[in-house]
Amino acid sequence: SFAAGIEFVGVDHMCGHLLSIFLEEEKPSFPYIALIISGGNSSLFLAEGYNDFTLLGRTRDDAAGEAFDKVAKLLGFDYPGGPIISKLAEQGQNCIQFPRAWLDEGSLDFSFSGLKTAVMNYCNREKQKGNDLNKSDICASFQEAVAEVLIEKTISASEKYRINTIVLGGGVSANPHIRQMMTERCLETGKNLFLPRPAFCTDNGAMIAIAGFFQYRKKDMTYNSDVYS
């Protein structure tokens, strides 16, 4: 920026995910509820403008993507584990009753550390019994537990704030099962769902550029440090 003599726009990484949907032809109107799920974040936001985001809920421990990677490592899979679990889950059944952490009544926060521990304990018990692990069923049941909490909390936020538009973002939102479940729940509840294509869900320069564009247009040259306040 200094060498080229052009202005520098600081962009918060989360703002990029929150606005990645505007890279698509079909764009939402404000306000909307945004679920951002990635390796480092599981957060719900109220988006009221291109530079106006309010944090409604966040993970208290492991993020969704982090839980996917840790469970994948536990099962002996390579990193990143999310796509491997997603693929194996297609061959398995949701037949293992793993816990859902709903937390305090009305809370929009997330917690996946207990679920990760439950999967570990289940695997240890099965090994002690001398049983082979059905990894496909473990993946399907684990994925279902993560998806159900993510989706139901998002629907709850939509109803609490009386906003019928929902947007997904972040690398984990590329997960086909989460996308399908969210689509079905939005149809059931009359919500308008906007999904970035998978290429725009993962970290990319385009989302940072469009967030920077909206900040520059506002002449706000610093990143939004209030996103997590």
Asker: Less than 4.5 Å apart, any side-chain heavy atom of Y79 and any of K73?
Answerer: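 A side-chain contact under 4.5 Å is absent here.
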Asker: Check whether F45 and L103 end up in the same hydrophobic cluster, where Ile, Leu, Val, Met, Phe, Trp and Tyr are linked by side-chain heavy atoms less than 4.5 Å apart.
Answerer: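 Each belongs to a different hydrophobic cluster.
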Asker: I'd like to know if L44 and M182 are part of one continuous hydrophobic network [Ile/Leu/Val/Met/Phe/Trp/Tyr, side-chain heavy atoms within less than 4.5 Å].
Answerer: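 They do share one cluster, since a chain of ILVMFWY contacts under 4.5 Å joins M182 to L44.
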Asker: Any side-chain heavy atom of N175 sitting closer than 4.5 Å to one from I37?
Answerer: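 They are not in side-chain contact.
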Asker: Taking the side chain as every heavy atom from C-beta outward, state whether C201 and L168 have any pair of such atoms under 4.5 Å apart.
Answerer: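 They are not in side-chain contact.
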Asker: So, does D69 use its side chain to make a donor-acceptor pair with the main chain of G81 at under 3.5 Å?
Answerer: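 Judged by distance alone, yes, a pair lies under 3.5 Å.
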Asker: Is there a donor-acceptor contact under 3.5 Å from the side chain of K127 to the main chain of L133?
Answerer: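 Looks like no, no N/O pair under 3.5 Å.
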Asker: If you define the side chain from C-beta out and look only at heavy atoms, does anything of L35 sit under 4.5 Å from F110?
Answerer: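 Yes, at least one pair of side-chain atoms sits under 4.5 Å.
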Asker: Are side-chain heavy atoms of K191 and T165 found at a separation under 4.5 Å?
Answerer: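 Of all side-chain heavy-atom pairs linking T165 with K191, none is under 4.5 Å.
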Asker: Quick check: closest heavy atoms across C186 and I155, and the distance to 0.1 Å?
Answerer: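 Nearest pair, atom of C186 first, then I155: SG-CD1, 4.4 Å.
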Asker: Centroid-to-centroid, F142 to F68, below 6.0 Å?
Answerer: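 Yes, the ring of F142 comes within the 6.0 Å limit of the ring of F68, centre to centre.
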Asker: For E188, look at atom CD and say whether over 12 heavy atoms of other residues, nucleotides or ligands are found less than 6.0 Å away.
Answerer: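 For E188, atom CD is crowded (more than 12 foreign heavy atoms under 6.0 Å).
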Asker: Same cluster or not: are I96 and V119 linked, directly or through other Ile, Leu, Val, Met, Phe, Trp or Tyr residues, by side-chain heavy atoms under 4.5 angstrom apart?
Answerer: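 As far as the 4.5 Å side-chain criterion goes, V119 and I96 are connected within one cluster.
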Asker: Answer yes or no: is there a side-chain heavy-atom contact under 4.5 Å between S158 and T189?
Answerer: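 Not in contact.
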Asker: Tell me, do S156 and L108 make a side-chain contact under 4.5 Å, heavy atoms counted?
Answerer: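 Yes, at least one pair of side-chain atoms sits under 4.5 Å.
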Asker: Who pairs with S136 by side-chain contact (heavy atoms from CB on, under 4.5 Å), at least two apart in sequence or on another chain?
Answerer: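 Applying side-chain contact (heavy atoms from CB on, under 4.5 Å) to S136 gives L88, Q91, N134.
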Asker: Side chains of F22 and V167, heavy atoms from C-beta outward: is any pair under 4.5 Å?
Answerer: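 SC-SC contact between F22 and V167 ruled out.
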Asker: Let me know which of F30, Y216, Y32 forms a ring-ring contact (aromatic ring centres under 6.0 Å, His included) with Y50.
Answerer: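 Passing option: F30.
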Asker: Does the N94 side chain pair with the main chain of A140, one donor and one acceptor, at a distance under 3.5 Å?
Answerer: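 Judged by distance alone, no pair lies under 3.5 Å.
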Asker: Which residues pass the salt bridge (Lys or Arg N to Asp or Glu O under 4.0 Å) test with R179, sequence neighbours left out?
Answerer: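 Scan of R179 (salt bridge (Lys or Arg N to Asp or Glu O under 4.0 Å), adjacent residues dropped) gives none.
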Asker: Just checking, is any N or O donor in the side chain of E144 or H177 under 3.5 Å from an acceptor N or O on the other one?
Answerer: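 Yes.
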Asker: Can you hop from L56 to V172 via hydrophobic side chains spaced under 4.5 Å?
Answerer: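 Linked, L56 and V172 end up in one cluster.
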